[in-house]
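Chain A is the first sequence line, chain B the second, and so forth, proteins listed ahead of strands; every chain is numbered from 1.
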Amino acid sequence: MPTNGYDDRKNRSNLGSHLKQETSVVGRPLMKVDAMSKVTGQAIYADDIHLPRMAYARLLPSTQPHARIVRVETSKAEALPGVLAVITGRDLPIKYGILPVSQDETALAVDKVRFVGEPVAAVAAVDEETAERALELIEVEYDPLKPIMSIEEALEDTEVRIQEYGHGGNIHKMVSLQFGDVEAGFAEADYVREDLFFYQGNNHLAMEEHSAVAHYSPDGKLTLWSATQTPHYVHRALAKVLELPPSRIRVIACHPGGGFGGKSDPFHHEICAAKLAMLTGRPVKITLTREEVFYAHRGRHPVLMWVKTGVKKTGEITAMHFRSMLDGGAYGSYGVATTYYTGALQTVTYKIPRYKFEGLRVFTNKPPCGPKRGHGTPQPRFALEVHLDKICEEMGWDPAEWRQQQACEPFSLTANHLRITTIGLKECIEKVVAASGFREKFRKLPYGRGVGLACSAYLSGANLPIYWNDMPHSGAMVKVDRGGGVTVYCGSTDIGQGSNSVLAYVVAEVLGVRPQDVAVVTADTDLTPVDLGSYSSRVTVMTGNAAIEAAQNVRELLFQAAADELGTTSDQLDAAGGRIFRRDDPGVGLPFAKVAQLAEARFGTLAAVGSFTPPKTPGRYKGAGVGPSPSYSYTACVVEVDVDPETGWVRVPTVWIAHDIGRALNPILVEGQAEGSVYMGLGEALMEEQVFRRNLHKIPSMLDYKSPTFLETPDIETILVETNDPHGPFGAKEAGQGPLLPVPPALCNAIYDAVGVRIDELPVTPDKILKALERKAKGQDPRVGPTRMPHVEWVEPIYVEPPDLRHDPSLMPATKPT
Amino acid sequence: MKQLVALRVNGELHEVYVPVHKTLLEVLREDLGLTGTKHGCELGECGTCTVLVDGEPILSCLTLPVEVQGRDIITVEGLATQGVPHPLQVAFAELNAAQCGYCTPGMLMSAKALLDRNPDPAPDEVREALAGNLCRCTGYVKIVDAVRLAARRQQGDLGAVVEEIERALNEGVVREPGS
Amino acid sequence: MLRLPPFEYYAAQTVEEAVTALRDYGPEAMVVAGGTDLFPKMKRRQMEPKLLVGLRGIRDLYGIRPVESGSYRLGPMATLTQVSLHPELRAAYPGLTYAAGVVSSPQLRNAGTIGGNLCVDTRCTYYDQTYHWRKAINFCMKKDGEICWVAPGSPRCWAVSSSDTAPVFVALGARVRLVGPKGERVIPVGDLYGRDGIRFLAGKRPDEIITDILLPPPDGWESVYVKLRRRGSFDFPILGVAVALRRHEDGTVTEARIVLGAVESYPLEVPEAAATLVGNRLEPDVIEATAKACFKSRPAPWTTPT
Ligand SMILES: Cc1cc2nc3c(=O)[nH]c(=O)nc-3n(C[C@H](O)[C@H](O)[C@H](O)COP(=O)(O)OP(=O)(O)OC[C@H]3O[C@@H](n4cnc5c(N)ncnc54)[C@H](O)[C@@H]3O)c2cc1C
Ligand code: FES
Ligand code: FES
């Protein structure tokens with residue numbers, strides 16, 4: 001028996017919301033079902049597609065940050081031999097956007113450009129070089145407008161507007177929510193503290209540059225292969241902009257070479273490739289350059305934050321007031337949701353009885369920001385966890401113990417009416433503190449070395465879809481072949497997190513077959529039922545539940561057919577090890593394939609569907625849609641640092657991370673998500689930044705936009721905590737995003753432990769540390785960070801009475817029997 | 001200026017008539033259909049396009065085919081021998097060292113060159129050797145583990161490797177203590 | 001996908017062939033060694049040579065070997081990997097082999113050559129950008145434009161020398177042999193460089209190629225190179241510091257040379273800083289004073305542009 005390190009693990013679910021208590025697939029460290037195709041170079045990514053007669057297209061970038069387009073002259077480009085078609089904004093005037101409330105994008109700029117790099121025209125040609133040469137022949141005459149490049153400028157300048165809609169001026173969205181009387185809360189407090197923070201924007205920097213190939217056939221059918229996380233939304237956008245019936249559009253998501261949220265919007269190049277394919281009658285490919293990826297962006301919003309918290313001497317938080325200002329870039333993208341997210345999840349870690357949130361997003365002349373891993377929550381989490389660290393310091397509390405004491409209770413509501421189910425936060429803290437030796441190190445290491453702790457929570461999928469509808473969020477179909485093979489069909493996209501494998505695992509578990517016997521067909525709008533996409537950490541929970549339901553439905557047919565043969569009833573049967581057998585007498589059974597044949601003979605073609613719709617959201621106020629989730633994952637993190645006080649250089653030798661995963665369907669995949677999140681969180685905390693100079697992206701390349709290599713990435717020790725969530729498939733929660741959140745604040749808290757300075761602004765570059773140390777030496781506040789929040793007239797908050805935060809057994813679902 | 005170029009890729013001789021300014025990356029992917037080799041910048045800044053030339057990892061996005069004529073070029077497609085995946089491939093697959101998988105072909109190339117000259121590298125030696133390959137998914141942890149796991153294994157025969165893969169897919173992967 | 005612009009390629013087999021091709025074709029020809037500097041720049045249209053003269057086929061340009069009285073000759077086509085791993089060089093010129101080993105990334109060191117590293121183009125964040133990006137700022141004086149964006153009033157270009165090995169070669173007192181249509185000459189490495197980011201290779205005519213890099217015998221000279229960069233791989237130096245010195249038996253420094261990389265358009269020798277070492281032992285306070293002297297010597301728009 002090989003030592004796989006997991007043999008002692010009990011594959012046992014204590015809540016048992018689903019099916020069998022004992023599992024044979026779930027919980028094991030299995031190889032991903034598509035792993036071999038990736039290590040042999042056989043997995044197909046969008047740019048790997050080469051179709052006969054395929055043409056290449058390139059996009060002409062705007063050279064102006066903000067200007068009216070006076071004239072676009074394309075005739076010279078059209079005349080260049082080898083050019084097949086040239087299009088401009090006029091050819092694709094219909095607006096689209098990921099959110100129904102901000103349909104503000106066009107595939108090519110129509111009357112105005114809003115950032116340097118925004119596509120103005122597109123050329124299809126026989127090869128990429130010709131297309132590129134043709135771009136240089138397109139003349140664009142601009143009438144420049146004043147560029148607006150920061151939150152401050154956007155708020156000050158109300159005359160020059162980037163977009164014609166929104167809250168007025170350059171404010172895209174303003175939100176104000178209040179849960180309870182926060183002022184009374186502050187009055188009750190023994191200590192009230194305010195802090196300001198800034199989190200710089202950054203890019204996903206997926207290794208693969210976005211790519212799409214479109215094919216239009218003479219019978220009027222359009223196929224688009226794309227590196228996308230959200231084929232369903234691309235499908236909708238194509239139908240809208242191209243004015244084609246959705247039934248004639250097929251979107252296939254290829255393996256995206258990394259997503260992290262950066263491939264979740266419908267993009268210019270996808271629409272242009274489709275339009276050019278329609279115009280030329282040839283397949284058309286557009287692959288962005290790395291620089292264009294920085295322009296397509298949708299990365300982390302830069303956010304300026306202010307937070308005020310009151311605490312009692314005894315530790316309880318009495319109230320919190322949080323303000324955020326997001327620099328959204330030139331278009332809406334997911335920004336309205338992001339704005340809400342910067343205020344939504346503060347309440348799900350520690351008990352906050354009264355809470356007020358004010359947030360706004362401005363338009364600026366930069367590439368649009370959108371969702372990146374953690375979508376709008378890493379920024380406030382950074383602010384919150386550093387702020388709380390300062391409070392603990394001030395009050396003389398142990399930061400680990402205090403967090404454990406104040407942790408929210410299982411099956412409880414938060415001030416903003418989010419429903420918490422299971423919560424493994426205390427256990428995460430306990431484990432991470434033990435593993436890291438936090439207690440032995442905190443405030444005890446020699447000068448220059450330090451440890452910091454931070455915690456976080458994240459959603460396992462948003463309860464509300466992007467566009468309002470009553471349909472399920474995930475659908476799955478399971479088909480059983482008479483040879484015993486099983487195929488699961490689902491619209492989800494495996495972006496590397498292993499969602500295809502999860503489908504295979506849960507179906508194999510339910511049907512009692514091996515994962516290898518399950519074929520997985522995903523991410524193809526012609527073949528697979530809708531899944532909304534790989535974002536908001538929704539995939540395992542939602543597609544997992546849908547696939548379980550589909551598998552259970554087909555299993556019911558199998559059991560019925562087997563029951564007669566085995567002289568029992570279907571509720572007395574079980575499936576495992578490739579057999580269907582009597583539970584009371586496991587020796588009496590039939591091979592799976594045999595049962596499949598019996599069932600097909602009796603019922604006809606064997607297939608069944610399942611779907612998942614998240615539970616209803618308890619909150620009933622405007623804005624209550626952002627934040628609710630079937631369950632929340634929890635993470636605690638300890639970062640150790642080594643700071644050189646002479647150079648300001650920070651080295652991170654080790655990070656410990658404990659994550660409440662609900663249940664690890666495959667621990668090795670969960671670890672991978674945690675490790676990747678820690679890495680990415682450190683990158684954002686230490687070096688990654690999307691910054692601008694003279695109105696252009698300062699560093700749109702992989703050399704200058706710094707991302708950590710092997711040599712900067714620390715040892716990462718991951719600890720999985722299982723809480724078996726009743727809403728998760730086999731108890732699972734999310735893992736893809738949550739573990740990023742506590743990393744930046746834990747780093748900053750560690751830096752304080754090491755050298756006694758507070759860096760309240762990310763990324764923490766060496767110059768900031770030096771500056772703070774200099775201030776410290778001069779006896780000034782040893783801190784670097786924002787010093788003011790621009791003044792704005794916040795709208796009157798929507799007032800909502802907060803609920804009781806205590807554990808409420810009525811929130812627990814009844815345990816379902818097998 | 002087009003030129004006839006003779007390239008020995010994965011042991012096979014290919015003659016292609018291509019413009020001299022087409023890089024090895026482009027010729028591999030577009031003329032030879034070997035799309036296993038990926039690209040993330042085309043400027044030498046990411047390592048995704050790494051291939052082996054006479055056993056040494058180089059960047060195909062900055063290499064002219066005319067300059068590597070007659071030399072031995074290995075891409076990810078040529079890593080297996082007679083259908084038997086290289087131990088690195090199996091270890092990467094087992095340990096989830098390939099998430100999105102996009103950096104993987106390049107990583108495998110750098111890792112192969114390392115193991116060919118240092119059959120038992122320490123973790124820091126792996127990090128140094130692979131420092132020219134960026135990955136955005138894994139946090140590199142499992143890649144280091146996978147290279148070291150592969151180092152401890154010999155290239156098995158096809159039957160043994162297939163069995164190993166089956167076990168990893170259905171029962172669980174082997175994670176040696178301490179890895 | 002970023003692609004190279006079209007060019008013709010000539011695979012020279014001898015130095016003479018290469019030099020003749022350069023002469024005949026004129027300024028639109030360039031030599032290419034490993035291509036790791038040239039090709040990215042060509043893809044960004046910072047350089048658009050119409051003819052590339054490949055040096056790979058010239059046997060005479062390879063090899064690392066000792067020559068008379070303990071000195072060394074490096075063929076310019078030796079790769080950075082070969083230089084960094086060469087056992088005797090490592091013993092004799094540790095600063096040099098270290099510098100070669102911290103250039104960019106392993107793959108780039110396998111292709112990049114030591115000769116190319118001496119000639120690597122000066123760098124600037126306004127210049128090392130794609131054609132479309134540079135067009136958006138109306139270009140800069142180094143290519144297609146009028147102005148230096150680092151110091152807009154400046155008559156000269158402030159792109160910085162970014163070679164890791166050049167400062168060490170200068171500190172070691174190395175020389176290069178240049179062969180051109182008019183014959184050959186040997187000059188100190190430091191003389192290759194002009195005082196301007198555009199004419200940074202003013203000491204070498206465009207039709208000359210480096211055929212040999214000649215290191216003086218170690219002769220008691222010790223050398224060290226320290227590189228400041230954001231990441232342990234890929235990154236060009238933000239600052240490079242090369243020190244070569246000789247010490248008396250009791251540890252006092254008798255002679256010293258300090259050369260800084262990535263602060264000027266050429267490797268910047270700082271004799272006033274080196275002087276602070278002479279007559280002293282390498283104690284922390286001496287080094288501190290030397291570092292301060294280096295810092296003071298930096299040229300005006302030294303900081304990276306904002
Ligand atoms: C991502 C990235 C990171 C890098 N990081 C670094 C770094 O950290 N430090 C660093 O120093 N460099 C760095 N480089 C630049 C480059 O890789 C090295 O400088 C390398 O040594 C250049 O050598 P090459 O042979 O590739 O030169 P090539 O690109 O072939 O040539 C460079 C220049 O030298 C000329 N040339 C070459 N050989 C000769 C000769 N024998 N005679 C006359 N002229 C000649 C060429 O005409 C050309 O102008 C980096 C490059 C990239 C793409
Ligand atoms: S594609 Fe990035 S290094 Fe070649
Ligand atoms: S696995 Fe996705 S970039 Fe490495």
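- The OG1 atom of A/T63 lies 11.5 Å from the CD1 atom of C/I137; values are rounded to the nearest 0.5 Å.
- With a 4.5 Å cut-off on non-hydrogen atoms, A/F710 does not touch chain C at all.
- C/T130 has its side chain out of reach of A/T289: every pair of non-hydrogen atoms, C-beta onward, lies at least 4.5 Å apart.
- At a threshold of 4.5 Å between non-hydrogen side-chain atoms, the residues A/D704 and C/F236 do not count as touching.
- Interface remark: C/R134 contributes no atoms to any contact with chain A (heavy atom separation under 4.5 Å).
- When atom types are taken as modelled, the side chain of A/E291 and the backbone of C/Q129 share no donor-acceptor pair closer than 3.5 angstrom.
- Between the A/E712 side chain and the C/G232 main chain, a donor and an acceptor come within less than 3.5 Å of each other.
- Within the 4.5 Å cutoff, the side chain of C/P5 has no heavy atoms near those of the A/E129 side chain.
- In this structure, chain C has no heavy atom under 4.5 Å from any part of A/S211.
- Neither the backbone nor the side chain of A/Q64 comes within contact range of chain C; no heavy atom of the residue lies under 4.5 Å from a heavy atom of that chain.
- A donor-acceptor pair shorter than 3.5 Å can be found between the side chains of A/E132 and C/H132.
- Side-chain contact annotation: A/T765 with C/R230, donor-acceptor N/O pair under 3.5 Å absent.
- Annotation: cation-pi geometry satisfied between A/R693 and C/Y126 (NZ/CZ under 6.0 angstrom from ring centroid, within 45° of ring axis).
- Formation of a donor-acceptor pair under 3.5 Å by the A/R694 side chain with backbone atoms of C/W149 is found in this model.
- Note: A/K706 NZ to C/F234 CZ = 10.5 Å, rounded to the nearest 0.5 Å.
- The pair C/R3-A/E128 counts as a salt bridge, with a side-chain nitrogen and a carboxylate oxygen less than 4.0 angstrom apart.
- Looking only at heavy-atom pairs under 4.5 Å with chain C, the residue among A/P700, A/P708, A/S701 that has the most is A/P700.
- For the atom pair CD1 of A/I699 and CH2 of C/W133, the computed distance is 11.0 Å after rounding to the nearest 0.5 Å.
- Between A/T287 and C/M1 the shortest side-chain heavy-atom distance does not fall below 4.5 Å.
- When heavy atoms are compared at a cutoff of 4.5 Å, A/L686 approaches chain C by way of both its backbone and its side chain.
- No part of A/F692 comes within reach of chain C, as not one of its non-hydrogen atoms sits under 4.5 angstrom from that chain.
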